[in-house]
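Values below: every heavy atom of this structure, side chains too, minus hydrogens, waters and symmetry copies.
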Amino acid sequence: MKLIIIIVKDNDADTLTQAFTAGNFRVTRVASTGGFMRSGVVTMLLGVEEPQVDAAIQVVRDSLPSKGAEKRATLFVVPVQHFEQV
């Protein structure tokens, strides 16, 4: 299992959330500030099986095409040592 952490601007969050939902990915949104894109950002969390990682990243690329040199999302893919739903 992998955890994908995606940081996007507020105005891109709804588009990306809808795209993940349409692609049958479950996403959690957390309002956040600072860091990579300064103020007005949303952090999204996706727990996916390893074979789904590339498909999830492709959803981001398809939903948020770059506007020139401007980056629209920052992604981290981290391993999950333990996963449990209670």
Separation between [atom1] of [X] and [atom2] of [Y], rounded to the nearest 0.5 Å:
{"X": "Glu50", "Y": "Met1", "atom1": "CD", "atom2": "CE", "value": "10.5 Å"}
{"X": "Leu45", "Y": "Ile5", "atom1": "CG", "atom2": "CD1", "value": "6.5 Å"}
{"X": "Leu46", "Y": "Leu75", "atom1": "CG", "atom2": "CG", "value": "9.5 Å"}

Only distances under 3.5 Å count here; give the side-chain donor-acceptor pairs of residues 54-66 to other protein atoms, sequence neighbours excluded, each with its distance to 0.1 Å.
| residue | atom | partner | partner atom | Å |
| --- | --- | --- | --- | --- |
| Gln58 | NE2 | Asp62 | OD1 | 2.8 |
| Ser63 | OG | Val59 | O | 2.8 |

Handout entry: Residues that Glu84 engages under side-chain hydrogen bond (donor to acceptor under 3.5 Å, both in side chains), provided they are two or more places apart
Key = His82

Problem - Contacts of Glu70 that satisfy side-chain hydrogen bond (donor to acceptor under 3.5 Å, both in side chains) - sequence neighbours left out - result: Lys9

Handout entry: Gln18 side chain to Thr15 backbone, donor-acceptor under 3.5 Å
Key = no

Exercise for the section: May I have all residue pairs that pass salt bridge (Lys or Arg N to Asp or Glu O under 4.0 Å) and include part of residues 16-25, sequence neighbours excluded? Expected result: none

Exercise for the section: Give every residue pair that meets the salt bridge (Lys or Arg N to Asp or Glu O under 4.0 Å) criterion with at least one member in residues 11-34, sequence neighbours excluded. Expected result: Asp12-Arg72, Asp14-Arg29

Problem - side-chain contact (heavy atoms from CB on, under 4.5 Å) between Val42 and Val30, intermediate numbers included - result: CA-CA 6 Å; Val42 171; Val30 181; over 6 Å; no

Problem - side-chain contact (heavy atoms from CB on, under 4.5 Å) assessment of Val78 paired with Lys2 - result: CA-CA 6 Å; Val78 296; Lys2 300 289 184 178; over 6 Å; no

Practice task
Determine the minimum heavy-atom distance between Val8 and Ile6, stating which atoms define it.
Solution key: CG1-CG2, 3.7 Å

Exercise for the section: For residues Val80 and Leu3, report the shortest heavy-atom separation together with the two atoms involved. Expected result: CG2-N, 3.5 Å

